[in-house]
Amino acid sequence: MTAPTKPPHSSPARADADAPGADLHSPVIDWFDDNARDLPWRRPEAGAWGVMISEFMLQQTPVSRVLPVYEQWLARWPRPADLAADAPGEAVRAWGRLGYPRRALRLHGAAVAITERHGGDVPSDHAQLLALPGIGEYTAAAVASFAYGQRHAVLDTNVRRVFARAVTGVQYPPNATTAAERKLARALLPDDEPTAARWAAASMELGALLCTAKNETCVRCPIAAQCAWRLAGKPEHDGPPRRGQTYAGTDRQVRGKLLAVLRAAHVPVPQSALDRVWHEPVQRARALDGLVADGLVEPLPGGLYRLPLT
DNA sequence: CACACGTGGAT
DNA sequence: TATCCAAGTGT
């Protein structure tokens with residue numbers, strides 16, 4: 001459809017026609033209509049609980065690894081109250097190798113809170129979502145938008161990268177989310193709720209599928225013609241180096257090894273079994289203490305350990 | 001605000 | 001092989 005001459009005053013049907021980023025909405029949403037992945041948490045039957053589970057699992061973990069675990073969780077704990085009634089250690093065990101197992105503990109805690117405070121229904125109110133353990137700025141907006149169709153700026157790493165390039169004209173967004181990014185995201189939000197929710201999902205999908213961190217696919221991008229970064233000749237990121245993660249030899253690696261033993265065990269494990277995962281006793285003890293302090297491991301009398309029962 | 005927090009696939 | 005990266009949160 002051809003764009004008619006811009007009317008002197010915006011009509012209700014095109015309420016955001018003059019708003020910032022209005023020229024991005026239609027191309028990105030239309031592209032999403034044709035290219036969105038058929039992910040289980042996007043199906044209507046997933047419900048708000050399914051959306052919430054997926055958002056926890058997708059925090060720093062790729063879709064491909066989340067898919068099978070997501071299906072297992074939803075089948076085993078179809079409602080928040082089902083998870084709340086089970087032991088937190090079972091959530092940690094079922095988390096498998098998704099990484100960052102504290103997310104499993106927090107998701108269990110969120111299920112308990114939902115059962116106690118919200119009658120077992122995932123709240124739709126942003127502030128109530130934000131008050132749940134494991135839910136921060138991004139996840140609260142994501143659940144409210146994806147599950148309940150509300151109008152929120154959903155600023156994840158994909159959206160931040162798309163905005164950095166298409167609007168700001170730089171290759172990468174800042175290390176941490178800035179006030180300027182929040183302001184921009186709000187300014188770019190379509191006025192009406194359903195379109196805003198669609199835009200949130202579409203802009204995120206664009207970052208996930210085409211406008212990726214490396215090897216971006218501008219030839220298929222629906223907004224390549226307007227992309228500030230591409231128009232500027234795609235200059236390389238200059239600023240401070242993007243924070244890299246080290247892993248080998250860290251406490252995180254040791255914690256991972258300890259927890260792997262406990263996930264596989266269905267009876268309490270003796271200290272000696274845990275000692276075998278790491279040779280350095282000081283670091284090993286520190287890692288185990290950390291897991292206990294985090295509530296991921298429950299110490300028992302007699303030098304035995306297990307995943308938390310309560 | 002910088003850092004801790006898992007894991008595995010891709011380059 | 002060494003890095004980078006993947007729908008962040010909590011402190």
Side-chain angles (χ1 to χ4, degrees), chain A residues 32 36-37 39-42 46 50-70 92 95-107 109-110 129-147 152-163 171-179 181 185 200-209 211-216 237 240-263 277 283 286-287 289-291 293-297:
Chain A
F32 184 63
R37 292 168 291 180
L39 300 171
W41 43 86
R42 286 178 176 164
V51 170
M52 191 172 140
I53 290 176
S54 76
E55 290 305 335
F56 270 75
M57 292 183 172
L58 288 163
Q59 291 169 6
Q60 302 285 282
T61 303
V63 167
S64 60
R65 286 174 49 208
V66 164
L67 284 169
V69 186
Y70 168 84
V92 173
W95 198 254
R97 306 188 66 79
L98 286 183
Y100 292 148
R102 292 191 293 195
R103 291 180 293 166
L105 218 46
R106 291 178 181 142
L107 181 47
L129 286 165
L130 199 54
L132 297 172
I135 294 193
E137 176 184 357
Y138 160 76
T139 304
V143 172
S145 181
F146 301 157
H152 291 284
V154 182
L155 257 192
D156 80 320
T157 188
N158 291 305
V159 174
R160 294 179 60 221
R161 189 174 52 249
V162 169
F163 290 176
Q171 186 177 24
Y172 296 121
N175 279 168
T177 305
T178 63
E181 286 181 278
S203 53
M204 190 175 309
E205 190 79 334
L206 185 64
L209 297 185
C211 196
T212 51
K214 310 171 86 171
N215 304 319
E216 65 280 356
H237 173 79
R242 315 175 65 211
R243 185 156 75 254
Q245 318 166 7
T246 53
Y247 181 66
T250 61
D251 287 5
R252 270 153 76 183
Q253 185 182 20
V254 184
R255 287 166 58 108
K257 288 178 175 296
L258 290 169
L259 216 48
V261 170
L262 294 167
R263 276 198 310 265
V277 309
Q283 188 178 27
R286 185 173 64 230
D289 286 349
L291 288 171
D294 288 348
L296 283 163
V297 171

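Lettering follows sequence order; numbering is per chain, from 1.
Distances shorter than 4.0 Å separate some side-chain N or O of A:Gln60 from OP1 or OP2 on C:dG8. Distances shown here put a side-chain N or O of A:Tyr247 below 4.0 Å from the OP1 or OP2 atom of B:dT7. Proximity of A:Arg263 to the phosphate of B:dG6: no side-chain N or O atom is located under 4.0 Å from OP1 or OP2.
By the 4.5 Å heavy-atom criterion applied to side chains, A:Val154 and A:Tyr138 are counted as neighbours. Contact of the A:Tyr100 side chain with the A:Arg252 side chain is registered, since non-hydrogen atoms from C-beta on lie closer than 4.5 Å. Taking 4.5 Å as the limit, every side-chain heavy atom of A:Leu209 sits out of range of all side-chain heavy atoms of A:Phe32. Annotation: side chain of A:Arg42 is in contact with side chain of A:Glu205 (closest heavy-atom distance under 4.5 Å).
Among the heavy atoms of the strands, none lies under 4.0 Å from A:Leu296. At the heavy-atom level, A:Arg65 lies under 4.0 Å from base atoms of the strands shown. Among the protein residues, A:Asp251 comes within range of the sugar-phosphate backbone only, with heavy atoms under 4.0 Å from sugar or phosphate atoms but none that close to a base. Within 4.0 Å of A:Trp41, counting heavy atoms only, lies at least one base atom of the nucleic acid. Note on A:Arg160: nothing from the nucleic acid sits closer than 4.0 angstrom, heavy atoms only.
Each of A:Trp41, A:Trp95, A:Phe56 was checked for a ring-ring contact (aromatic ring centres under 6.0 Å, His included) with A:Tyr70, and the lone residue meeting it is A:Trp41. Tested against A:Val159, the residues A:Cys211, A:Pro173, A:Ser203 include a single side-chain contact (heavy atoms from CB on, under 4.5 Å) partner, A:Ser203.
Spacing between atom CG of A:Leu67 and atom C1' of C:dA6 amounts to 13 Å, rounded to whole angstrom units. With rounding to whole Å, A:Leu206 atom CG is found 12 Å from C:dA7 atom P. In this structure, A:Tyr172 atom OH and C:dT3 atom C1' are separated by 12 Å, rounded to whole Å. The distance from atom CE of A:Met57 to atom C1' of B:dT7 is 14 Å, rounded to the nearest whole Å. In this structure, A:Gln171 places its CD atom 14 Å from C1' of C:dC5, rounding to the nearest Å. The separation between A:Arg161 atom CZ and C:dG8 atom C1' is 14 Å, rounded to whole Å. Between A:Arg103 atom CZ and B:dA4 atom P the separation is 18 Å, expressed in whole Å. Here B:dT7 presents its C1' atom at 14 Å from CG of A:Leu58, a figure rounded to the nearest Å.
For the residue pair A:His237 and A:Gln171, the shortest heavy atom distance occurs at N-OE1, 2.7 Å.
For A:Arg252, counting side-chain heavy atoms from C-beta on, the closest listed nucleotide (C:dC5, B:dC5, C:dA7) is B:dC5. For A:Thr61, the listed nucleotide lying nearest its side chain is B:dG6; candidates were C:dC4, B:dT7, B:dG6. With B:dT7, C:dA7, C:dC4 as the candidates, the nucleotide lying closest to the side chain of A:Lys214 is C:dC4.
Evaluation of the salt bridge (charged side-chain N to carboxylate O under 4.0 Å, His left out) test over residues 51-70 of chain A, restricted to residues two or more places apart or in two chains, returns none.
For the P atoms, the distance from C:dT11 to B:dG6 is 14 Å, rounded to whole Å. B:dT11 and C:dA7 are spaced 15 Å apart, taking the P atom of each and rounding to whole Å. Taking atom P on both nucleotides, C:dC4 is separated from B:dC3 by 15 Å, rounded to a whole Å.
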Review item, nucleotides 9-11 of chain C N/O atoms under 3.5 Å of protein N/O:
unit_1 : atom_1 : unit_2   : atom_2 : d
C:dT9  : OP1    : A:Gly136 : N      : 2.8
C:dT9  : OP1    : A:Thr139 : N      : 3.0
C:dT9  : OP1    : A:Thr139 : OG1    : 2.7
C:dT9  : OP2    : A:Tyr138 : N      : 3.3
C:dG10 : OP1    : A:Gly134 : N      : 2.6

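Each of A:Pro62 and A:Ala176 was assigned the nucleotide of DNA chain B with the nearest heavy atom; the assignment lying further toward the 5' end belongs to A:Ala176. Between A:Arg97 and A:Thr250, the residue whose closest nucleotide on DNA chain B is further toward the 5' end is A:Thr250.
Donor-acceptor pairing under 3.5 Å, judged by distance alone, is absent between the side chain of A:Ser64 and the base of B:dG9.
Residues meeting the side-chain contact (heavy atoms from CB on, under 4.5 Å) test with A:Glu137, sequence neighbours left out: A:Arg182.
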